[in-house]
Amino acid sequence: GKYFEIDETDDKPGAGADLKLLTPEQKLDEATNCWSGIGVAPDGYVPVASCLIGTGDYYYINVNDGPGGPLYRIYHEAVGEHGYKANEAVAVVLSNYERLLEYVEP
């Protein structure tokens, strides 16, 4: 339930991010009942946060990266039953997801 704000200069794609950590139930729902979660889960992506500015995009880590891996934004409109192209659907927001703690809102 924590909130985070990453400004445009720190977000690798340059868009900035306002996000909220998901509950375990929300993570499971996004990964198993919703696109993009359904489409990217087989590649190791695990949803961890939702966008608070209304894009509908979720933020993920990837179990294949191991500890300290990137935090990703996955563009929900770029993933569907047809699959996805990683270079169009996945963007690295932070090179190390642990850096997210630097942006926690009080």
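Any value given below was found using the heavy atoms of this structure, including those in side chains, with hydrogens, waters and symmetry copies removed. Along the sequence shown, residues are numbered consecutively beginning with 1. Since we're looking at a predicted model, the values are computed, not measured.
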Minimal non-hydrogen separation, Tyr59 against Val93, with atom names: CE2-CG2, 3.9 Å
Distance (rounded to the nearest 0.5 Å) between Leu100 CG and Leu21 CG: 6.5 Å
Side-chain (Asn64) to main-chain (Asp43) donor-acceptor, under 3.5 angstrom: yes
Which atom of Val79 lies closest to which atom of Ser36, heavy atoms considered: CB-CB, 3.5 Å
Distance in Å, Lys20 NZ paired with Lys2 NZ, rounded so as to fall on 0.5 Å steps: 11.5 Å
Any donor-acceptor pair under 3.5 Å from Asp57 side chain to His76 backbone: yes
Same apolar cluster (I L V M F W Y, side chains within < 4.5 Å links), Leu71/Val63: yes
Minimum side-chain heavy-atom gap Pro70-Asn62 below 4.5 Å: no
Considering all heavy atoms, the nearest Pro42-Gly39 contact: CD-O, 3.7 Å
All ring pair (Phe, Tyr, Trp, His ring centres under 6.0 Å) counterparts of Tyr45, not counting sequence neighbours: Tyr72
Heavy-atom neighbours of Glu81 CD exceed 12 at 6.0 Å: no
Side chain to side chain contact (heavy atoms under 4.5 Å, CB included) against Ala31, all qualifying residues, sequence neighbours excluded: Pro47
Full working for side chain to side chain contact (heavy atoms under 4.5 Å, CB included) between Cys51 and Asp18: CA-CA 6 Å; Cys51 175; Asp18 289 338; over 6 Å; no
Pair Tyr97, Asp65: side-chain N/O donor-acceptor within cut-off below 3.5 Å: no
Atom pair NZ/OG1 of Lys27 and Thr32 - distance to nearest 0.5 Å: 13.5 Å
same_hphob_cluster(Tyr3, Ile6) at 4.5 Å side-chain heavy-atom cutoff: no
Gap separating the NE2 atom of His82 from the CH2 atom of Trp35, nearest 0.5 angstrom: 8.5 Å
Nearest-0.5 Å distance, CG of residue Leu94 to CZ of residue Arg73: 9.5 Å
Tyr58 and Gln26 side chains, donor-acceptor separation under 3.5 Å: no
Single-linkage hydrophobic cluster, 4.5 Å side-chain cutoff, Val92 and Tyr84 together: yes
Distance, nearest 0.5 Å, that separates OG of Ser50 from CG of Leu22: 5.0 Å
Glu98 atom CD: more than 12 heavy-atom contacts under 6.0 Å: yes
Hydrophobic cluster identity match, Val104 and Leu52, side-chain contacts under 4.5 Å: no
